[in-house]
Asker: 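First the structure, which I've put down as structure tokens, then a few questions once you've had a look.
Only heavy atoms go into these numbers, but all of them, side chains included; no hydrogens, no water, no symmetry mates. Below, chain A is the first sequence line, B the second, and so on; all start at residue 1.
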Amino acid sequence: MPSRPLLLLALPLLLLAGCRNEGDTFGPAQRTRSDNTYLFGGGAEPESIDPGLAYDSPGLEIARNLFEGLMRYDPRTLEPLPGVAERWEKSEDGRRYLFRLRPDARWSNGRPVVAEDFVYAWRRVLDPRTAAQYAALLWDIENGKAFAEGRAAAEAVGVRALDERTLEVRLERPVPWFLDLLAFAPFYPVPREAVEAHGIRWTRPENIVTNGPFHLGSWQISYQIELVRSPTYWDREKVSLDRAVAIISDDNHAMVRLFRAGALDWLGADNRPPVEYLSFLENKKDYRANPELGSYFYWFNLRDDRGDSPLRDKRVRQALNLAIDKEAIVRFVTRGGERAARTVVPDLFERFGYRPPAAPGHDPERARRLLAEAGYGPGGKPFPTLQLTYNTDDRHKQIAEAIQQMWREELGIRVALENQEWKVFMNNRNEGFFEIARAGWIGDFQDPYTFLAQFLSDSEMNEARWSNADYDRLVREALTEEDDARRYALYAQAEAILIDELPVLPLYYYSKQTLIGSWVEGWYPNSQDIHPLRDIRLVR
Amino acid sequence: MLRYALRRLLGLFPVLLVIFTLSFVLMRAAPGGPFDAEKPVPAEVKRNLELKYHLREPWCEARFLPALREGLEPAVERAVRAEQPWASRAEKLCTGLFQYGWMLANYATGDFGPSYKYKDRSVNEFIAAGLPVTIQLGLVAMCFALFIGLTAGLIAAIRQNGWADHAAMGMALLGISIPNFVLGPLLILVFALTLVWLPPARWGSWEYMILPGFTLGSAYAAYIARLTRGGMLEVIRQDYIRTARAKGLSERLVILRHAVRGGMLPVVSYLGPAMAGLFTGSIVIERIFNIPGMGRYFVDAALNRDITLAMAVVVVDAIFLLVANLLVDLALGLLDPRVRYEE
């Protein structure tokens, strides 16, 4: 027992010692290990690392480094670079592609990667029996949707092997970002021999066959996933790491501690420093905050069964939007480099030439006028108490409380906050049991369409059940427009309707905060937080 | 005694069935399903998933809601269900019964079924990976608790009302009152981040076990110290101890051979509930120290609506606790001559 009194006496002293003057890094200034093994945070236990089934970001991250599609990501810009495809041709109408596979692409069992592997993999993702959650991304392939719904045979799907090294792809309509998609997991090839021999067990280290820069060394549940450099990868000379280990944990506090102790080289894409660390980390050299391809917003419920809701009046929604000081929210509440949002499409497409429509900023004066026009406020109807729902989380709570206060002070509107456990929240939002509900949206690929699609009238993701024929027409027109400038012009027109009508209240664009050791090279900040391991080097 | 043990062992099965059924009903009753996500999957895909995991039963649909077979769109399905609320309920009950039967049949063969969330894995693999770690953590914590608790309790009893007694009981009070989610991070701050003696998180060789084991065990050490002290003080005043002393035995022998055996009884009967506490307490400890045990699935699997995994964790824990309690009862019989296993 003597250890405990001693310990308690020593505690205050040690705590003081803990507050000593800090260096300019949060983790160690120098790497504490000398092996060529890269340790990074892997987030939660992946649902699946099978490229066809992977759905959550930890699983996609592992799949991305084990397998390689026709295209792969440029580590800086995320533009598609040739992967298994050596070169390709696109037809005039943008609906037919011919890919020539490189002769030296190999599976880890030594077999060459052939066109038939892609045919098998893509049909497998579409096959209803596979129940792949990303199947819809392949519906733009000719007869893809028909096959997925059982209306066409697998052979009718528009992907064919003309010979071992030539793959022909036919699309239902031109898809401007099709090459970008090819770097995404559902489009990777899978080894038929392993999948058919082992069933769901084919992704185990002892069974798996891969064609990417890394091979699966070991996979310990909720503990770690070890990737080992593949000796059969065609570009193996460029791969610098011997091993990479994803440390599995969704506990950000534990991961930040591991980083501080030098047990991680990178905090990982699926772990982030807890918000209470952010102001402390701000000036550290190993801390980064980068714009992320994501939006944080609130849905207004405009469904027909909410007939008398004041939210169905556009002016009320505009007033609620104008009354919020979003700058204050990103500066004092979220604090991680987020940008206040006036629109739904994040501010990351401007470098490609997207010109977002003009949108009003914080203007409480105008907000009060609009509310009075709508018949509320002094001399008008009393405004009913609004119900704001979010999923249980400290950050969401703080944001909701800030907004609650702003609406009360600027507009005199009372808001009741309600937090719900995640699945309950999702269920209520999908079924329309809410008045105002939180939402976040992370883009799947580099085109505004990935954000705008959810507001189409027939979209299942359109929680507001907002419907606007002009909007639908503009977005659909843009969908097949291959010329970037014209497509972006159409998107901007569509978005102008969106921010006038406001079925959602945009709050901010996400930012990704992370910690990365100064000894890591080849890690470039980018909007989807994708950092291929084949490009990572450890120096010193 | 063998008959008693066998009877108790057989008695576990109805208890487990009740636990299984209750947790199944609760999991089914919770709103939201395993395949609801911020990015909803297309209706066709979701339907396929639900069929694959027995959340939809074609026979039940055909029997109670024939309209559903055609209407794949969620909006259509919602409308159909709203129109025929009773048929919809009957269909859900029917599907639930099918799922219940499917899981029960699996359990009978020792198979916990596929995980609803982790598509590459069966639930058995999660249990096989997590249970040994949780047991290991529990044992380390139990060792800490017993060692510290018994020593402190004995010293306090022997030196009743002396400074050692007050110090030990003061510590025990602290140990009981400081929650482990406060103690854990404090210990990490001191021993892992400031002194850098021990790793700050994860699991592995013995260094990894010290902080989580101590954190988890501390509250139990405190209870055990108090129980030992109380038990010992009661026993020391008994006639048979006076007899032992009168026979001229040394105080050491009197305490260690005669008093301890009786004084331990409250501690032993406390070990059963303590096992339960160690198991449920490890949920928090496993999170703080990022330990790949089974405790985390208690919460995570339920939140993910991963029905099979959540239920397996509950059932495995129930088995563990029931067996632990049985062992404690048997041990009491060996230690305490007053306990008899007669009808």
Asker: Tell me, side chain or backbone of A:Y55 under 4.5 Å from chain B's heavy atoms, or both, or neither?
Answerer: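 For A:Y55, the contact with chain B is made by the side chain alone.
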Asker: Determine whether more than 12 heavy atoms belonging to other residues, nucleotides or ligands lie under 6.0 Å from atom CZ of B:R226.
Answerer: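 No, the 6.0 Å shell around CZ holds no more than 12 heavy atoms from other groups.
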Asker: Please flag which part of B:P34 lies under 4.5 Å from any non-hydrogen atom of chain A: side chain, backbone, both or neither.
Answerer: backbone
Asker: Check A:I221 against B:R121 and note the closest heavy-atom contact, atom names and distance.
Answerer: CG1-CZ, 3.8 Å
Asker: Quick check for you: among A:E45, A:R204, A:M461, A:H253, which has the greatest number of heavy-atom pairs under 4.5 Å with chain B?
Answerer: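 Top count of heavy-atom pairs under 4.5 Å with chain B: A:R204.
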Asker: Check each atom of A:A263 against the heavy atoms of chain B and say whether the ones under 4.5 Å are side chain, backbone, both or neither.
Answerer: neither
Asker: Can you name the nearest heavy-atom pair linking B:P292 to A:S222, along with the distance?
Answerer: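 Heavy-atom minimum between the residues: CB-O, 3.4 Å.
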Asker: Measuring heavy-atom distances to chain B, does A:T203 have an atom under 4.5 Å in its side chain, in its backbone, in both, or in neither?
Answerer: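 A:T203 touches chain B through side-chain heavy atoms alone.
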Asker: Mind ranking B:P31, B:P114, B:A30, B:A201 by heavy-atom pairs under 4.5 Å with chain A and telling me who comes out on top?
Answerer: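 The answer is B:P31.
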Asker: Checking B:R287 against A:D250 for the salt bridge (charged side-chain N to carboxylate O under 4.0 Å, His left out) test, could you report, in this order, the C-alpha distance in whole Å, the side-chain angles of both residues, the deciding distance, and whether it holds?
Answerer: CA-CA 9 Å; B:R287 276 221 92 83; A:D250 51 1; 2.9 Å; yes
Asker: Could you tell me which non-hydrogen atom of A:A131 sits nearest to which non-hydrogen atom of B:N48, and how far apart they are?
Answerer: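 Heavy atoms of A:A131 and B:N48 come nearest at CB-CB, 3.9 Å.
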Asker: A cation-pi test, strictly: NZ or CZ of B:R305 under 6.0 Å from the centre of the six-membered ring of A:W422 and no more than 45 degrees from its axis. Yes or no?
Answerer: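 Here B:R305 fails the 6.0 Å and 45° test against A:W422.
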Asker: Who wins among B:K52, B:K46, B:R296, B:E125 for the most heavy-atom pairs under 4.5 Å with chain A?
Answerer: B:E125
Asker: For B:R159, I'd like to know if atom CZ has over 12 heavy atoms of other residues, nucleotides or ligands within 6.0 Å.
Answerer: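 No, because the 6.0 Å sphere around CZ of B:R159 holds 12 heavy atoms or fewer from other groups.
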Asker: Which one, A:L53, A:L258, A:D50, leads in non-hydrogen pairs under 4.5 Å with chain B?
Answerer: A:L258
Asker: Do the side chains of A:K423 and B:L303 get nearer than 4.5 Å, heavy atoms only?
Answerer: no
Asker: Which heavy-atom pair separates A:A135 from B:V45 by the least distance, and what is that distance?
Answerer: CB-CG2, 4.1 Å
Asker: Is B:R78 close to chain A through its backbone or its side chain, or both, or neither, when contacts mean heavy atoms under 4.5 Å?
Answerer: side chain
Asker: Taking side chain as everything from C-beta outward and backbone as N, CA, C, O, which of these in A:W202 sits under 4.5 Å from a heavy atom of chain B? Side chain, backbone, both or neither.
Answerer: neither
Asker: Is A:E421 close to chain B through its backbone or its side chain, or both, or neither, when contacts mean heavy atoms under 4.5 Å?
Answerer: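 The side chain, not the backbone.
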Asker: Any donor and acceptor pair, going by atom type alone, linking the side chain of B:D36 with main-chain N or O of A:M426 inside 3.5 Å?
Answerer: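 Answer holds: no.
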Asker: Would you find a donor on one side and an acceptor on the other, under 3.5 Å apart, between the side chain of B:D120 and the backbone of A:I49?
Answerer: yes
Asker: Select one option (side chain, backbone, both, neither) describing which atoms of B:I188 are under 4.5 Å from chain A's heavy atoms.
Answerer: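 Contact with chain A: side chain only.
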Asker: Can a donor-acceptor pair be found, under 3.5 Å and without considering hydrogens, that links the side chain of A:Y223 to the backbone of B:W203?
Answerer: yes
